[in-house]
Amino acid sequence: MDKSYQPQDIEQRIYDRWEEEGYFIPEGDGTPYCIVIPPPNVTGTLHMGHAFQDTIMDTLIRFHRMLGHRTLWQPGTDHAGIATQMVVERILNTEGKSKHDLGREKFIERVWSWKEESGGSIAKQTRRLGASVDWNRDRFTMDDGMLEAVQKVFIQLYEEGLIYRGKRLVNWDPVLHTALSDLEVLSKDENGSLWNFRYPLASGNGHLVVATTRPETMLGDSAVAVHPDDERYKDLIGQEIILPIVGRHIPIIADDYVDPEFGTGCVKITPAHDFNDYDIGKRHNLTMHNIFDDNAAMNDEVPKEFRGMDRFDARKALIAKFKSLDLLEKIEDYVVKIPRGDRSNAIVEPYLTDQWYVKIEPLAKPAIKAVKTGRIKFVPENWSKTYFDWMHNIEDWCISRQLWWGHRIPAWYDNEGNIFVGNNEKEVREKNNLGDIPLRQDSDVLDTWFSSALWPFSTMGWPSKTNELKEFYPGNVLVTGFDIIFFWVARMIMFGLKFMDDVPFREVYIHGLIRDQDGQKMSKSKGNVLDPIDLIDGIELEALVDKRTKGVIQDHLAPKIEKATRKQFPEGIQQFGTDALRLTFASLATNGRDIRFDLGRIEGYKNFCNKLWNAARYVLINTESLDEGDLKFSSADRWIRSRFNNATTDMQKHLTNYRLDLALQSAYEFTLHEFCDWYLELSKPILQSDNIPDAEKRGTRKTLIEVLEATLRLLHPLMPFITEEIWQTVALRANLEGETIMLRPFPKALSEAADDKAVEDIEWVKQFILGVRQIRGEMDISPGKLLPVILQDASATDLSRIKSQELLLERVGRVESVTSLKDEKPPAAATAFLGDMRMLVPMKGLIDIKTERARLKKQREKINLDLQRSAGKLNNKKFINNAPAQIIAQEQQRVIEFERVIKQLTEQLEKLNELT
RNA sequence: GGGCGAUUAGCUCAGGGGGAGAGCGCCACGUUGACAUCGUGGAGGCCGGUGGUUCGAGACCACCAUCGCCCA
């Protein structure tokens, strides 16, 4: 093995071998275990969130595979309708073309070829992360099988009346020219104005003042509404207004919706361009005046002078007009909720169109029940509340999109506007006896999330009754972020229950979202994006700056981004390797919702990798001669096996509970602080001393190699590459069978490995050595200097341990000699305490009396505080009367202990005083 | 307006009724036959505030403050 750990030398080679050998394919006859990957956007690249998520899933998958389960991790990508179409349109724009120049068919061809090109980079990145997905089953949401599934679902829902076509207000994106679902619209506060207009009464007796944030919509007003109980306007209800500029007579109506406190208490009603007004319009049977075209420009419904104007130009023109007519009462500053499309960022317009909808309530009901009754469990549990809140208020789902890229809606129209739904035109004609009358297919495509909702079963061959479905549906757990609980999780549950008659997964593990070191969302325009591959391979500063500033759409941000990047990464990013990155992600997989990615942590985990690497080197160097013969296991040997047992138990527990951070913590703690810090050090005296019998050396060698091998398996789910690389050599040395660590069993806790006696002995040894080290450290004595230790008040147990563990004490504690004081007077010395025993390190030339006195005083002060606290508790009658006996006993024990140590310290201090 | 979450060491975060923990950073000593990507020792916290429950509260409850997210 090389002297230091070099991730780039091993990762690619190991992954290639795993894949070639087919280790990712479900195997054996264990209980099936399955995770379906949340399919990333096929034309994107993996970001930190994907890498985080993949790490969690791969850890779970590897863990279960090693537990002997028949394990499937289903991979795939999503066609991501709007996002992908936009990317390709942007490419066309740079060529000076639009999608209309190509036409629908050619455009779609173009998207497919782009998909082929860019889909590969996701797969490549996924491989770099070590993800053990079954590539043989890679799926895409627009491949042929998916089409079949999508059509079957659509047709069945249509035939059951759960999909319908309807004309109503939708969120219209006037830039992308498509409808959006409620979820795809993000509303944000923006600074705007509130315009107060005077609307003259038809009676000629004055006017009403209405306030609006959207003056341009007044051309479509159908009424003015007031609250029914509003005394100011009670008499006017039923009268009419002459709508300025338009000249239309519109009624004054009463509706509870109106807030009399807001503005003047009079509200203009525009049913065709506002969701609330739409409802009021329906209640009062108002006429709908649609005044926009699909660019959100004024159509022919409006007076000539405004026709063809963009909505914002029309706003200006109308305000000017009101002013000139002296109908503008005032303008106030006002914060307005502005709805924008999540992809285009264009201001979305409520717009009256024909769209396809899923009637959601009949699907939502069983989906709510499935979570309520525990058939599906959210982890952490409180996310189920978020789920319920949405599901209880859910509205019908608009599933049609006026895009070209996506699953085309399987509906045909004849010239009379009749709708025929079926798999294809031929089938539709035959089924409906249409002969050869003209038919045209609906030009819309389905919302991307429609096909995503089928993912857990469509990937497994549904609607055919495949073996995969039988084995792997429902999946065990869905691993995803809370941002898509509504978009995706809820819809999978609804469709799974509807079409598979079972939940799609038993548990939903919701993880946090990765943010930058300041808690900011990572985004291109902020220039704070980290590419997981750059953390694995490292990247030069110039390349990083280039990468971050190149893709920025708003040019003026580039210098700022460059400056921040240069400041944060003055030397670029060093190479950390996949395992270190994965460990970092695991440590961040807590129950929180925001996760700040901190570079300091990944560096620490790279060091941990190096530590493991070198520990393995030590073990291999020292086990070259694994000869046969009698075995005798030392206390240290039995201790480390016992401790490993505990680590295994913890690891199993935490992985089962999706607490990867705690799992890592216990594995890390064991590997670093028990195996490396202590066991390897304790093994050295045994292996390096001439006086140790061969049987005992064999015992230690065997323990070294066996515990290392088991530790590698313990760590494998978290850090697959380095453990595989080391394991290959270790397995050879240990004469183990098996081609790969990833198919070896996960360690089991063995009750026979627990050894309390050995644990007590070695804990005592540790205390002894720590005592010496503390004196050494605080006295600034060089670590290499051998120290004599004199014991006072040693018990019989102490003395027997001294005898049996002398070698460890001397070599690991770097102690020259251990002698026991009989009746003679103790020398001036620095002191450490181990139970009743005192450990004296004589002072001559080594130790400054003043320093030692200060040190002991400080210790005494601290313990004295503890003593007072415990004594205070025991003097408290209420405590004695109420606390459990065990706690009281513990407190009494403490008092005895503290008093003893204080006595020892005081004696020692007096002794030092005598010397000065 | 409704809901959810966060507040613990300089930084990033665990912990969830019976003596405050990790990693990084900081200080000191050090090249000891795996590792300087290192070792050893140390410093550093009224666990956001106020009340309450309890023998006992970072932890449970109420209210408040600050920050953040989701839904209208």
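The structure presented is a predicted model; accordingly, all values stated were derived computationally and were not measured. Letters A, B, ... are given to chains in the order of the sequence lines, protein chains preceding strands, and every chain is numbered from 1.
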Taking atom [atom1] in both [N] and [M], compute the distance separating them and give it to the nearest angstrom.
N: B:G48; M: B:A9; atom1: P; result: 8 Å
N: B:A57; M: B:G19; atom1: C1'; result: 13 Å
N: B:C61; M: B:U53; atom1: C1'; result: 7 Å
N: B:G30; M: B:C35; atom1: C1'; result: 15 Å
N: B:A59; M: B:U8; atom1: P; result: 13 Å
N: B:A28; M: B:A43; atom1: C1'; result: 10 Å
N: B:G18; M: B:G2; atom1: C1'; result: 40 Å
N: B:U31; M: B:U40; atom1: P; result: 15 Å

Below 4.0 angstrom from OP1 or OP2 of [N], is there any side-chain N or O of [X]?
X: A:Lys873; N: B:G18; answer: no
X: A:Gln774; N: B:G42; answer: yes
X: A:Lys862; N: B:G19; answer: no
X: A:Asn882; N: B:G56; answer: no
X: A:Asn382; N: B:G5; answer: yes
X: A:Arg659; N: B:G15; answer: yes
X: A:Lys858; N: B:A43; answer: yes
X: A:Arg776; N: B:C29; answer: no
X: A:Thr386; N: B:C70; answer: no
X: A:Lys521; N: B:C69; answer: no
X: A:Gln520; N: B:G68; answer: no
X: A:His654; N: B:A14; answer: no

Would you classify [X] as touching base, sugar-phosphate or nothing, given that sugar-phosphate means primed atoms plus P, OP1 and OP2, and contacts are heavy atoms under 4.0 Å?
X: A:Glu891; result: base
X: A:Ile485; result: nothing
X: A:Glu603; result: nothing

How close or far is atom [atom2] of [N] from atom [atom1] of [X], stated in whole angstroms?
X: A:Asp650; N: B:A14; atom1: CG; atom2: P; result: 19 Å
X: A:Asn881; N: B:C55; atom1: CG; atom2: C1'; result: 8 Å
X: A:Arg596; N: B:C67; atom1: CZ; atom2: P; result: 14 Å
X: A:Tyr618; N: B:C38; atom1: OH; atom2: C1'; result: 16 Å
X: A:Leu662; N: B:G23; atom1: CG; atom2: P; result: 15 Å
X: A:Ile863; N: B:G19; atom1: CD1; atom2: C1'; result: 13 Å
X: A:Phe486; N: B:A72; atom1: CZ; atom2: C1'; result: 12 Å
X: A:Tyr257; N: B:A72; atom1: OH; atom2: P; result: 14 Å

Charged tip of [X] within 45° of [Y] ring normal and under 6.0 Å:
X: A:Arg811; Y: A:Trp678; answer: no
X: A:Lys684; Y: A:Tyr618; answer: yes
X: A:Arg593; Y: A:Phe482; answer: yes

Let's test this: given Watson-Crick or G-U wobble pairing with both distances under 3.5 Å, identify the partner of [N].
N: B:U31; result: none
N: B:U37; result: none
N: B:U54; result: none
N: B:G48; result: B:C64
N: B:G17; result: none

Would you please say whether a donor-acceptor pair under 3.5 Å links the side chains of A:Gln575 and A:Gln6? no

Is it the case that the base of [N] and the side chain of [X] share a donor-acceptor contact (distance under 3.5 Å, atom types as modelled)?
X: A:Lys385; N: B:C4; result: no
X: A:Ser870; N: B:G19; result: yes
X: A:Glu778; N: B:A43; result: no

Between [options], which nucleotide gets closest to the side-chain atoms of [X]?
X: A:Pro783; options: B:C35, B:G18, B:G30; result: B:G30
X: A:Arg593; options: B:G23, B:A36, B:C4; result: B:C4
X: A:Gln665; options: B:U37, B:C55, B:A14; result: B:A14
X: A:Gln6; options: B:U37, B:C55, B:A22; result: B:U37
X: A:Asp780; options: B:C29, B:A14, B:C35; result: B:C29
X: A:Ile887; options: B:U37, B:C13, B:G18; result: B:G18

So, the side chain of A:Glu778 versus the backbone of A:Ile775: is there a donor-acceptor pair under 3.5 Å, distance only? no

Check: A:Gly519 main-chain N/O paired with A:Asp516 side-chain donor or acceptor under 3.5 Å: yes

Using 30° and 60° as the class boundaries, would you call the ring planes of A:Tyr5 and A:Trp613 parallel, tilted or perpendicular? tilted

Could you check A:Asp255 against A:Arg283 for salt bridge (charged side-chain N to carboxylate O under 4.0 Å, His left out), going step by step and ending with a plain yes or no? CA-CA 9 Å; A:Asp255 196 287; A:Arg283 280 201 287 276; 3.1 Å; yes

A:Phe597-A:Phe585 aromatic ring centre distance below 6.0 Å: yes

Hey, which of these two, A:Ala615 or A:Phe898, hits RNA chain B nearer its 5' end, going by closest nucleotide? A:Phe898

Does A:Glu681 or A:Asn591 map to a spot on RNA chain B nearer the 5' end, using the closest nucleotide for each? A:Asn591

